[in-house]
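Scroll down for the structure; my scribbles are underneath it.
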Number of protein chains: 2
Amino acid sequence: MPKQRAKGPQQLQGGSAPSPITLGGRRVTILDVAERADVSVSAVSKVVRGAYGVSPQMQTRVTAAIEELGYRPHTGARTMRGRSYTVGVVLVELTSPFQTEVAQGVSDALTDTPYQDVIVTGGTTPERQTRSIEALLDRQVDGLLLVAPWLDAESIDKFAKIVPTVTIALHGSPVGFDTVVDDERLGARLMVDHLVANGHRRIVHTSMPSAAWEKKFVLSHTARRQGFEQAMRGHGLEPDIIETWYSEQGGHDAAMQALTRSKPPTAIFAGADISALGTLRAAEELGLQVPEDLSVVGYDNIYASTINRVSLTTVDQSGQHTGEAAVRCLMERIEGRTEPKKFVVAPELVVRGTSGAPAKRTKRQRTPAAS
Amino acid sequence: MPKQRAKGPQQLQGGSAPSPITLGGRRVTILDVAERADVSVSAVSKVVRGAYGVSPQMQTRVTAAIEELGYRPHTGARTMRGRSYTVGVVLVELTSPFQTEVAQGVSDALTDTPYQDVIVTGGTTPERQTRSIEALLDRQVDGLLLVAPWLDAESIDKFAKIVPTVTIALHGSPVGFDTVVDDERLGARLMVDHLVANGHRRIVHTSMPSAAWEKKFVLSHTARRQGFEQAMRGHGLEPDIIETWYSEQGGHDAAMQALTRSKPPTAIFAGADISALGTLRAAEELGLQVPEDLSVVGYDNIYASTINRVSLTTVDQSGQHTGEAAVRCLMERIEGRTEPKKFVVAPELVVRGTSGAPAKRTKRQRTPAAS
DNA sequence: GGCCGCGTGTGCAACGTTCTACGAACAAGG
DNA sequence: CCTTGTTCGTAGAACGTTGCACACGCGGCC
């Protein structure tokens with residue numbers, strides 16, 4: 001048995017003891033456990049951490065005392081010398097379905113480890129993101145999981161120097177940290193292929209402006225747009241992009257712009273489901289039948305897209321798997337790995353009711369009435 | 001100036017100093033600041049905490065040093081003697097739109113305070129809830145915000161003894177903690193009134209079973225069901241309830257059960273929007289027009305309900321306001337209040353396209369074809 | 001002038017844990 | 001019997017902060 005190799009730290013979060021003896025309302029400390037088991041504090045610490053050099057007798061003795069007293073380590077005190085057993089997850093907003101799914105995946109992947117995840121929101125500005133991350137750093141998290149961070153690579157590298165870091169949905173070649181991404185260029189290609197196979201030629205992609213700091217790394221929307229461009233050129237088609245914002249209103253506005261042209265598209269590929277919903281509203285307002293007059297597709301497979309009445313064709317990226325992969329990367333980093341890793345999750349095309357072949361019409365005509 | 005009254009603790013989370021001097025990669029400590037400002041450690045601590053007994057000169061001097069060095073207090077160390085400036089928020093799941101909205105409200109309300117919110121998920125079992133709360137307690141949170149906790153009153157009281165606690169969406173009369181609730185009995189009544197005013201008499205409410213521990217306190221679904229019963233009786237109608245689960249499938253199943261009766265209802269009041277969506281699917285499968293053949297309404301006003309193609313009549317409860325109110329309660333408790341408080345947020349009826357008058361028919365007939 | 005009180009600043013003992021360094025006990029090999 | 005090694009257990013110094021207890025200096029009042 002190699003000497004330095006420690007066993008995994010003992011699980012200490014699995015519910016409290018049946019009837020913990022309270023010591024005058026005071027929290028039970030490692031000292032109380034040591035007294036009860038009649039061993040040294042260090043010994044208890046060893047057992048708790050699953051460190052090397054404890055006999056089976058010691059193990060059982062201390063464990064019994066811990067159970068009896070309902071001892072739980074004080075995380076604050078722990079952070080002063082060792083770990084906090086806490087992983088910080090930074091999401092942009094709680095309202096993003098993909099991001100919360102990722103967080104759920106993280107949570108699930110962490111349940112069998114001694115680590116606990118805590119979630120904070122970071123918003124869409126570098127300032128707020130920085131603020132949130134620093135708050136986590138103040139709390140001495142052992143790892144950082146940044147989901148779609150609105151932050152330049154230098155800033156992320158700075159944080160990654162302090163604590164193991166994994167980013168999610170940030171496309172690029174990492175140096176000091178790991179990345180887990182959905183292959184959004186592939187996803188965009190799958191969708192373009194689907195539309196082209198259905199006979200579409202005039203396809204508009206609605207996107208949003210890239211942030212100034214997106215250089216070495218790009219966020220999802222930029223990756224999707226690039227994938228769209230590549231795929232269209234691959235089919236010998238000229239990419240046609242309208243930039244608004246990933247929102248219902250943004251999708252509506254972009255669609256209005258596209259559909260009131262003299263030569264409107266037969267398909268609109270919204271960069272996100274949320275804007276595809278706005279696109280559907282625009283189509284309805286213009287009296288266009290979907291998918292007969294216009295195919296509308298999105299990306300993300302949010303819950304609303306699955307609803308019977310919506311039934312949006314989209315691309316699914318498993319947030320669950322993404323979160324799990326991110327946790328694996330992070331654990332490896334916490335264990336000591338330093339060379340960067342890049343994990344790619346495969347997206348999947350989900351064909352539903354809003355896409356189809358464009359209607360064959362001998363003469364171009366529009367009838368904006370007839371609800 | 002009263003002696004014991006401390007000023008509010010100084011804000012220390014607002015972004016780092018422009019160019020923090022790093023001391024060999026080590027974190028800047030209060031000692032470094034003290035040396036730099038040539039004062040005692042205690043003095044720096046006083047300034048940081050905004051404690052009583054600092055002269056303006058001291059204030060500016062120390063603040064300058066803090067800025068120059070980019071000092072940030074170590075939360076772990078802080079918890080050993082004082083506060084962690086952390087508020088723990090326990091949600092059931094990240095996928096619940098109302099709960100994430102509450103969390104967002106909490107986050108917003110906390111931005112101008114020195115407190116930081118961290119979110120964890122607690123699931124729908126007492127065991128997991130306990131586990132999550134204990135993880136937060138290990139991290140010495142200064143306050144606990146429990147959103148729809150699946151936990152009996154005794155357990156919550158136990159935690160409330162350790163740390164200031166506010167529950168959200170838990171109906172009852174609290175003793176050791178505060179509650180913030182949406183008036184769900186009123187919300188249910190508003191909806192019943194709306195349906196009855198439209199001429200409905202046969203109204204089915206779809207709910208879910210109450211948990212065994214719901215005695216002194218009840219969760220939202222139970223409060224809604226009670227509100228439904230009261231409102232129906234108020235109109236001289238017999239309450240008709242089907243219990244499945246708050247989910248798309250649950251709503252579908254309940255609707256199928258109700259609609260295949262010999263005397264089916266003219267309106268289904270789903271206890272939650274999510275199940276109303278399943279109800280809509282069931283209606284479609286049976287070839288029923290909504291709202292002509294069947295009115296379908298929900299509760300929660302989730303995002304999907306707002307979509308043009310769904311347009312579900314529902315009840316809105318502002319998660320944002322709820323979160324803000326909860327933070328106010330919690331801050332008061334942290335400041336020392338001990339008598340329990342109960343805050344009630346008013347719900348609002350949102351009439352959309354899925355509710356209307358039942359079709360007048362001389363003879364009862366069903367035509368389940370004709371899409 | 002001595003005393004009190006007040007306003008400021010400081011010294012230092014906690015707080016609960018980790019982990020290095022070391023000691024004790026014991027076994028095996030020369 | 002001494003040395004060497006291995007295994008198990010312990011002592012005790014950190015870690016960064018808080019806040020009590022106290023010291024100091026300065027006016028004002030008897």
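Protein chains get the first letters and strands the later ones, always in sequence-line order, with residue 1 at the start of each.
- As rounded to whole Å, 19 Å separates atom C1' of C:dG16 from atom CZ of A:R83.
- Summarising the geometry, the separation between CZ on A:R139 and C1' on D:dT17 is reported as 14 Å, rounded to the nearest angstrom.
- Using a 3.5 Å distance cut-off with no hydrogens or angles, the side chains of B:T86 and B:R139 do not pair a donor with an acceptor.
- A straight line from OH of B:Y85 to P of D:dT17 spans 13 Å, rounded to a whole angstrom.
- Among the heavy atoms of the strands lying under 4.0 Å from A:T29 are primed sugar atoms or P, OP1, OP2 only; no base atom is included.
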**Report entry** Derivation and outcome, side-chain contact (heavy atoms from CB on, under 4.5 Å), residues A:L137 and A:F159
**Finding:** CA-CA 9 Å; A:L137 256 26; A:F159 295 128; 3.5 Å; yes
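- Remark: B:R27 is not in phosphate contact with D:dG16, judged by side-chain N or O atoms under 4.0 Å from OP1 or OP2.
- In terms of phosphate contacts, A:Y71 brings a side-chain nitrogen or oxygen within less than 4.0 Å of OP1 or OP2 of C:dT17.
- Rounded to a whole Å, the CG atom of B:D142 is 14 Å from the C1' atom of D:dT17.
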Query raised in the report: Given the rule in the salt bridge (Lys or Arg N to Asp or Glu O under 4.0 Å) test, do B:R26 and B:D32 qualify, once you have shown the distances and angles that lead to the verdict?
Result: CA-CA 11 Å; B:R26 220 187 70 240; B:D32 301 319; 2.7 Å; yes
Requested in this report: Run the numbers on B:R83 and B:Y115 for side-chain hydrogen bond (donor to acceptor under 3.5 Å, both in side chains), then give the verdict.
Outcome: CA-CA 10 Å; B:R83 304 184 164 176; B:Y115 290 87; 2.9 Å; yes
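- To the nearest angstrom, P of D:dT10 lies 13 Å from CD of A:E35.
- At the phosphate of C:dG16, neither OP1 nor OP2 sits under 4.0 Å from any side-chain N or O atom of A:R78.
- Nucleotide D:dG16 holds its C1' atom 13 Å from the CG atom of A:D138, rounded to whole Å.
- Rounded to whole Å, atom P of D:dT17 lies 10 Å from atom CD1 of B:I66.
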Query raised in the report: Using a cut-off of 4.0 Å between protein heavy atoms and nucleotide atoms, how would you tag nucleotides 8-14 of chain C 5' to 3' with B, S and -?
Result: SBBBB-B
Query - CA sep, side-chain torsions, deciding dist, call: A:R333, A:D178, salt bridge (Lys or Arg N to Asp or Glu O under 4.0 Å) - result: CA-CA 9 Å; A:R333 276 211 171 255; A:D178 299 339; 3.0 Å; yes
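- Remark: the B:T75 side chain and the A:D138 side chain contain no N/O donor-acceptor pair separated by less than 3.5 Å.
- Of the candidate nucleotides D:dG19, C:dT17, D:dT17, C:dT17 has the atom lying nearest to any side-chain atom of A:H74.
- For the pair A:Q140 CD and C:dG16 P, the computed distance is 19 Å after rounding to whole Å.
- A donor-acceptor pair under 3.5 Å is formed between the side chain of A:T63 and the backbone N or O of A:Q59.
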